[in-house]
Each structure stands twice: as C-alpha cells, then as structure tokens.
Q: 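Dropping a structure here in structure tokens format, bear with me for questions.
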There are 2 protein chains.
Amino acid sequence: MSKTATNCECLLIHKDAVNEVRSALPSDETLSDLADLFKLFGDTTRIKILYLLFEKELCVCDIAALLNMTQSAISHQLKTLKHSKLVKFRREGKVVFYSLADTHVRSIIAQGMEHLAE
Amino acid sequence: MSKTATNCECLLIHKDAVNEVRSALPSDETLSDLADLFKLFGDTTRIKILYLLFEKELCVCDIAALLNMTQSAISHQLKTLKHSKLVKFRREGKVVFYSLADTHVRSIIAQGMEHLAE
DNA sequence: CTTTCATATGTTCAACTGTTCATATGATAA
DNA sequence: TTATCATATGAACAGTTGAACATATGAAAG
C-alpha cells in the first residue's frame, strides 16, 4: 500500500501506527455532519438562545429582548437552529414560540460546561 | 426595571417569562468560553485529528499522512488544540507525539455522534 | 562546526459567518 | 378592504478562519 501522502513531505512515518489508526476514522460525511453540529454550539448567540430555551418556550421578541439584540439577528439564528432540528416552534396568532427539539442539546452543553469547570 | 431592550422593536413582550428566564443565563464570559470550546469541535480537520488520537498517540507527520494534508496545516491545528488543553505532546528526538489530554473530548464527541444517529 | 529533517510559525488570501438594514410575509383587528 | 405588528428573509458588509506557501527553529547525526 503506497500511501505516502503526497502532501506530507516528512520521510519518517510510523507505518504500523498509521495503519492501525486509519480504520478508526468514520466517513468524511459523518465527520462533516458532526463538525456542522458542533458549529451550531460554537456561537455565543446560539448558545445563549439554547440556554434560554432550557427554561421554557419563548417567542422571538422575548429572546431578542433578553439578549438585547435585534429581532432580525435572533430570527436568523433561530432559522439555523430550526434547520438543524435543535429547535422547534409553534405559532399562536402573530407570535411564534420556540422550544428545544432535542434532548441531546442539554447533555452536549452540560459536557462542555463540565470541561470548563476543571 | 426598564429592560425594554432598545434593540427589540416588538411591542409585545411576555414580561413574566422574560423575568423568569433571565436569571438562568450564565455569565457572558462563561458562555463565551463555552462557545470557544465547541468551536474547536466545529472543524472537520480538528475532529479528525481528535478521532485519530482516540486510538493512540501520533506524530505530526503521521497525522498529516493519514488526513492527506500538509504538515503545516496539521501543525497549526495542533497548536490550537494544544492551547485549549485538549491535546498534549511529548518530544522524542526530532519527533513530537500528540495525544488526548482531556477525558471530556471522548464524551463530547460521543454525544454529538448520538445526536446524528437519530 | 554543518547537514538533515521533523516540526513550528508568520504571512497572505479566499471562503465563510454573523450582524445590520431594508423589505416581505402573514396573521389579527378595525 | 386597510392598518398594525410579530416574524421572516434577502442583500451587503465587516470580521473571522483555515489552508498554502515560505521560512524559521531545534534536535540528532556526521
């Protein structure tokens, strides 16, 4: 197997280690999806929105008021969270209430907080 | 308390909901640190590196070969992961071996994978 | 010392991202 | 119908980011 990796100019490669580890890597598609998921948690505004929704459902306007941001900015972020199925919504007249759609949101954020606590 | 949130033009705000939720939000600094942590997991290259290190310690060159990327790109990313204390290293002559420095890395990624599996 | 080579780093640049602004949609009330 | 208002959306713009390239560092060998 001539995997000399054209991009790696190094001459010393630990072939046995490389071969042992190569099979452990999930598919590019899976890893890309995983990175995309974590990207959602990688923005302060989105983290704040999710944190607020831990407590109870909130409308766009309430979230904007709580975070002291424009309704537009919040709406854009909710759109992202909605597309990623982290958040769901229900309409009540003119008002749209958003809430958490996924149980993993809490545990992922909890794990992150645990790391910070060290 | 005149928290009418200058940036929110909406007139309807659910004051009781807002007041109830406001205290649930951690400090801006904590939330910023949390977002920064998740940002690290929000890149395919870094996710791949961490995944590889799940198996065993690897040198820069091995990682570059496995991911078919330049040594420079990998080294830059390892620098980021090192600064964030997710990865540690040990030197052996000219070669630097990297390994996971944090037990939470596994569980955070595992949680993400669980979410995808649904 | 000098050479070799694995790794680190500084710079540049293209691609991406989050916010703002302006505007559109859509539901309710008059 | 028209007016109001909560929300959604499109475009533009600034700030950020990851990779490539060139170069520097530093350890071992000669």
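Labels below follow one simple rule: chain letters A, B, ... track the order of the sequence lines, proteins then strands, and each chain is numbered from 1. All values below were derived from every heavy atom in this structure, side-chain atoms included, with hydrogens, water molecules and symmetry-related copies excluded. A quick note: this is a predicted structure, and the numbers were derived from the prediction, not measured.
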Q: Figure out the CG/C1' separation between B:Asn68 and D:dA20, and round it to whole Å.
A: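 After rounding, the gap between these two atoms is 14 Å.
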Q: Looking at residues at least two apart in the chain, or sitting in another chain, which of them share a side chain to side chain donor-acceptor pair (under 3.5 Å) with B:Asp16?
A: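 For B:Asp16 there are no side chain to side chain donor-acceptor pair (under 3.5 Å) partners, ignoring immediate neighbours.
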Q: Using a cut-off of 4.0 Å on non-hydrogen atoms, how would the nucleic acid contact of B:Phe89 be classed: base, sugar-phosphate, or nothing?
A: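 Nothing, no heavy atom under 4.0 Å.
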Q: Among residues at least two apart in sequence or on other chains, which ones pass salt bridge (Lys or Arg N to Asp or Glu O under 4.0 Å) with B:Arg90?
A: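 Expected list: B:Glu57, B:Glu92.
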Q: Determine all donor-acceptor pairs shorter than 3.5 Å in which one atom belongs to a side chain in residues 78-89 of chain A; sequence neighbours excluded.
A:
{"residue": "A:Thr80", "atom": "OG1", "partner": "A:His76", "partner atom": "O", "Å": "3.3"}
{"residue": "A:His83", "atom": "ND1", "partner": "A:Lys79", "partner atom": "O", "Å": "3.2"}
{"residue": "A:Ser84", "atom": "OG", "partner": "A:Thr80", "partner atom": "O", "Å": "3.0"}

Q: Determine, step by step, whether A:Gln77 and A:Thr45 satisfy the side-chain hydrogen bond (donor to acceptor under 3.5 Å, both in side chains) criterion, reporting the C-alpha distance in whole Å, the side-chain angles of both residues, the deciding distance to 0.1 Å, and the verdict.
A: CA-CA 8 Å; A:Gln77 296 294 12; A:Thr45 302; 4.9 Å; no
Q: Does C:dA8 have its OP1 or OP2 closer than 4.0 Å to a side-chain nitrogen or oxygen of B:Tyr98?
A: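 Affirmative; the distance criterion is met.
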Q: To the nearest 0.5 Å, tell me how far B:Gln111 CD sits from A:Leu37 CG.
A: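 Separation between the atoms: 10.5 Å.
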Q: Run the salt bridge (Lys or Arg N to Asp or Glu O under 4.0 Å) test against B:Glu55 and tell me which residues pass, sequence neighbours left out.
A: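 Partners of B:Glu55 by the salt bridge (Lys or Arg N to Asp or Glu O under 4.0 Å) criterion come out as none, since no residue qualifies.
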Q: What parts of residues 43-53 of chain A reach DNA chain C, counting only heavy atoms under 4.0 Å away?
A: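 Nucleic-acid contacts, sorted: A:Asp43, A:Thr45, A:Arg46.
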Q: Would you please name every residue forming a side chain to side chain donor-acceptor pair (under 3.5 Å) with A:Asp33, sequence neighbours left out?
A: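 Applying side chain to side chain donor-acceptor pair (under 3.5 Å) to A:Asp33 gives none.
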Q: Is there a donor-acceptor pair under 3.5 Å between the side chain of A:Arg22 and the backbone N or O of A:Ala24?
A: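 Side chain of A:Arg22 to backbone of A:Ala24: no pair is present.
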Q: Measure CE/B:Met69 against P/C:dA8 and give the value in whole Å, please.
A: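 Distance check: B:Met69 CE to C:dA8 P gives 15 Å.
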Q: Which pairs, with at least one residue in residues 105-118 of chain B and sequence neighbours excluded, count as a salt bridge (Lys or Arg N to Asp or Glu O under 4.0 Å)?
A: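 For residues 105-118 of chain B, and leaving out neighbouring residues, there are no salt bridge (Lys or Arg N to Asp or Glu O under 4.0 Å) pairs at all.
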Q: Over how many whole Å does the gap from B:Ile74 atom CD1 to D:dA19 atom C1' extend?
A: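 So the CD1-C1' distance, B:Ile74 to D:dA19, works out to 10 Å.
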Q: Could you list the residues that satisfy side chain to side chain donor-acceptor pair (under 3.5 Å) with A:Glu29, not counting sequence neighbours?
A: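 So A:Glu29 forms no side chain to side chain donor-acceptor pair (under 3.5 Å) with any residue.
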Q: Under the side chain to side chain donor-acceptor pair (under 3.5 Å) test, which residues partner A:Asp43, sequence neighbours left out?
A: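 By the side chain to side chain donor-acceptor pair (under 3.5 Å) rule, A:Asp43 matches no residue at all.
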Q: Polar pairs (N or O, both sides) under 3.5 Å between protein and nucleotides 22-30 of chain C?
A:
none

Q: When you measure from the side-chain N and O atoms of A:Gln77 to the phosphate of C:dT19, is any distance below 4.0 Å, counting only OP1 and OP2?
A: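 So the side-chain polar atoms of A:Gln77 do come within 4.0 Å of the phosphate oxygens OP1 or OP2 of C:dT19, strictly under.
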Q: Quickly work out the B:Leu67 CG to D:dA20 P distance and round it to whole Å.
A: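 The distance from CG of B:Leu67 to P of D:dA20 comes to 12 Å, rounded to the nearest Å.
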Q: Looking only at the side chains, is there a donor atom on one of B:Ser27 and B:Thr30 sitting less than 3.5 Å from an acceptor on the other?
A: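 Side-chain D/A pair, B:Ser27 to B:Thr30: present.
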Q: Find the distance A:Lys79:NZ to D:dA6:P and express it as a whole number of Å.
A: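 About 21 Å, once rounded to whole Å.
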Q: What parts of residues 25-40 of chain B reach DNA chain D, counting only heavy atoms under 4.0 Å away?
A: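 None, since no heavy atom is under 4.0 Å.
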Q: Side chain of A:His76: nearest nucleotide among D:dA11, C:dA8, D:dA19?
A: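 Within the option list, the nearest is D:dA11.
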Q: May I ask you to decide if B:Ala35's main-chain N or O and A:Arg46's side chain share a donor-acceptor pair within less than 3.5 Å?
A: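 Answer holds: no.
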Q: What nucleic acid atoms does B:Phe97 come within less than 4.0 Å of, heavy atoms only: base, sugar-phosphate, or nothing?
A: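 Counting heavy atoms under 4.0 Å across all strands, no contact is made by B:Phe97.
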Q: Tell me the bend of the helix from C:dC1-D:dG30 to C:dA30-D:dT1 as the angle between end helix axes, each from five pairs, rounded to the nearest 10 degrees.
A: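 One end's axis against the other's: 20°.
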Q: Ion pair present between A:Asp62 and B:Lys15, side-chain N to carboxylate O less than 4.0 angstrom?
A: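 Looking at A:Asp62 and B:Lys15, the cut-off is not met.
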